[in-house]
Amino acid sequence: MNTITLPPFYYRDNFQQLLDRAGLLPAELQTERERQLTSMALLLSPQALALLVRLLTRKGNLFRSERLAWAELPDLIEPVAELVSAGWVRVITARAELNDLVGVDEWLALYNRDELLQAWGDQLVGITGVSRSKLKSWRREQLDEICKQALTAGQLQRCDLQTALWWQLVSDCSQWLETLLLLYFGNLQQSLTEFVLRDLGLARYEDLPLDASLCPFHSRTQLDAHRALFHLSPDDDWLKAADADALQLRWNALQDIRERVVDDEWLQRRWMRMVTRLARQAERLALPELALDWYQSCECHPARERRIRLLAIRDPWQALAECRAAWFNSYSEDEWQFLQGFVPRLGKQLGKLDRQRLQTSGVIDWYQAAALPAEQFLNLPTDWKQRWPRVEQAVLDLLAEQGRPGIYVENALIVSVFGLLYWPLLFAAVEGAFFHPFQYRPDDLYEPDFLTRRQLWLQEIEADLDSGVWIDRVQQRAIDKMGIQNPFVYWEFVAAGLEQGWFETVLKRIPLEHWRAMFEFIWQDPKAHRSGLPDLLILEPDGGYQLLEVKGPGDQLQANQKSWLAWFASQNIPAAVLYARPEPV
DNA sequence: ACCAACCACCCAGCC
DNA sequence: ACAAAGCTCG
DNA sequence: GGCTGGGTGGTTCGAGCTTTG
Ligand SMILES: [Mn+2]
Ligand SMILES: [Mn+2]
């Protein structure tokens, strides 16, 4: 039912946007070579630019000409000739050129197993002494390895596989594209597909007040640091597969760029988060010395928590000293919750070692236990697992039977209302906040001075809260902005609430002072405090309400949940943990 | 440490 | 922050 | 001859990736 059709050269139009943006920005953000490529691209004929973009947006920069064909480019001869004469593409015809210019791995990857066996099957059988069918079931890596050996030994010739011509994009093209993307988006997570998804209606963005400078970086150094950091960022798969050597190598590489990130708070935070992940993997590989060392250079959560846990084993007094430092200057609410639980355990351990030392002033007497959250208990039928997919759902139904109806809200309710209420502030025209149309949040949302830079908008919203119109505003905004990306709004949830009619009920059920307190807590750390909210909102028959965090068997309170519960307690907001256990038989 | 599964076919080895 | 289609591997 | 096990060659399938709009 997708009626939207993109123009035939949509990809070229989108790329043109990148080029235009690069042209607007200060020249020193591109290298001389990049500036040259940018201006050369602007001079290409429409057809040739289209072909260039098609090639650029594919993996690698080596292609088989016979595999390239697009409906909107019926003739490739002319455009490719233009690209060749302008120096973008090299057409490789002869074997000598191939050997000089193209790495074997890159070249082998152009062919599939069948093609390799068809061209070289007999020779390979001769070389390996393995039957053809056996060869066919070899792993691709293994097959490539044999081919490479035979090629270097001269037993096989690359041109045996020549079906047409090879086209090679000039090698610094991918670097250039990266720079263009960085200049446009300010990051390397977003790409040209943003345009397509938006134009197909699959992603909707607020109509943003773009900054006049449009510039995500203030210097080339900053841009390069950003790029380097991105390439060193360990993704989950890499991390899981990494061994000690891989980690050490990555650590060394990160050390090398460290001085390039120290000037930039944001880059530095990112650097520390990456190192923390590296150290966590070192822990899993039983390399505590490495982990301790690495954590020490990270001033962020959970680096210090992990460090304290490791120190508790090898040097518990040192661990306690770190706890003390963290207690008076914690990185986050989560870290503080960790200390709440951990310091007493550490104290018990140290008390056995040297009670006197522990009781010395300033060693542990700074610690004060916080009140524990209120608790409730509920028995589950023994077959609850068959009847409900989730324990929260089971509790919801059972409580409803007892005359306490409710809604499964988790983070969605309060955080969505927050996002809707503060919408004008979040998308306010503040210098440097927005520089491209695909941002779902202002660039500085997580900076400490975010709110102080938006006092005017804040005051207006405060006034709406005072006057009571905020309830209408939030609902109207939900309708007006439905589906538009916002870092706080869960649209399916909001849409369900409007449709089923309970959204307004809930807004009114929770008293304004409670809403205020919850919003305040989110503002304290808008990234971390978006999660950890209780599972259920119970609408008590007397007109009150209660927030319930459900804990089934084997589940325990997370740090972020404790943080929220502690805040609720301090603000007299009715919240509790409900422990659900199967009925004892 | 390693990995597709399935089927039909051939052939040698064995009773 | 999507879905269909094609290719490739195992 | 009939049965068996191992090797062979062909097909089909699911999962995952790339390309596309
Ligand atoms: Mn939950
Ligand atoms: Mn829960």
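Chain A is the first sequence line, chain B the second, and so forth, proteins listed ahead of strands; every chain is numbered from 1.
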Considering only [options], which nucleotide approaches the side chain of [X] most closely?
X	options	answer
A/Asn112	D/dG9, D/dG21, C/dT8	C/dT8
A/Arg140	D/dG21, C/dC9, D/dT19	C/dC9
A/Arg67	D/dT19, C/dT8, C/dC2	C/dT8
A/Arg54	B/dC3, D/dT19, D/dG21	D/dG21
A/Tyr10	D/dT20, D/dT18, B/dC3	D/dT20

Euclidean distance, atom [atom1] of residue [X] to atom [atom2] of [N] [Å, nearest integer]:
X	N	atom1	atom2	answer
A/Leu116	C/dT8	CG	C1'	12 Å
A/Leu117	C/dT8	CG	P	14 Å
A/Leu197	D/dG21	CG	P	13 Å
A/Leu200	C/dA4	CG	P	13 Å
A/Glu194	D/dG21	CD	C1'	15 Å
A/Asp199	C/dC2	CG	C1'	14 Å
A/Lys59	C/dT8	NZ	C1'	13 Å
A/Asp114	C/dC7	CG	C1'	12 Å

Can you check the distance between [N] and [M], where both ends of the measurement are the [atom1] atom (answer in whole Å)?
N	M	atom1	value
C/dA5	B/dC11	P	44 Å
B/dC6	C/dG6	C1'	24 Å
B/dA1	D/dT19	P	33 Å
B/dC10	C/dA3	P	49 Å
C/dT8	B/dC7	P	27 Å
B/dC2	C/dC9	C1'	16 Å
B/dC3	D/dT18	P	23 Å

Please determine if a side-chain N or O atom of [X] lies less than 4.0 Å away from the OP1 or OP2 oxygen of [N].
X	N	value
A/Arg132	D/dG9	no
A/Arg113	C/dG10	yes
A/Trp70	D/dT19	no

Side chains of [X] and [Y]: do they bring a donor and an acceptor to under 3.5 Å?
X	Y	answer
A/Gln175	A/Asp172	no
A/Asn486	A/Trp423	no
A/Trp70	A/Glu72	no
A/Gln36	A/Arg33	yes
A/Arg269	A/Tyr446	no

Task: Residue met sooner reading DNA chain D from 5', once A/Val196 and A/Lys136 are mapped to nucleotides - done: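 The 5'-side residue here is A/Lys136.
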Task: Most 5' of A/Ser133 and A/Pro8 on DNA chain D, judged by nearest nucleotide - done: A/Ser133
Open item on the list: Please classify the nucleic acid contact of A/Leu6 as base, sugar-phosphate, or nothing, using heavy-atom distances under 4.0 Å.
Closed with: sugar-phosphate
Task: Sugar-phosphate only, base, or nothing, as touched by A/Arg198 at under 4.0 Å among non-hydrogen atoms - done: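 No contact.
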Task: Contacts of type ring pair (Phe, Tyr, Trp, His ring centres under 6.0 Å), residue A/Trp271, not counting sequence neighbours - done: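 Counting only residues at least two positions away or on another chain, A/Trp271 forms no ring pair (Phe, Tyr, Trp, His ring centres under 6.0 Å).
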Open item on the list: Centroid separation under 6.0 Å, is that true for the rings of A/Phe195 and A/Phe438?
Closed with: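 Distance test on ring centres: under 6.0 Å, yes.
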Open item on the list: Applying the Watson-Crick and G-U wobble criteria at under 3.5 Å, what pairs with B/dC2? Answer none if nothing qualifies.
Closed with: none
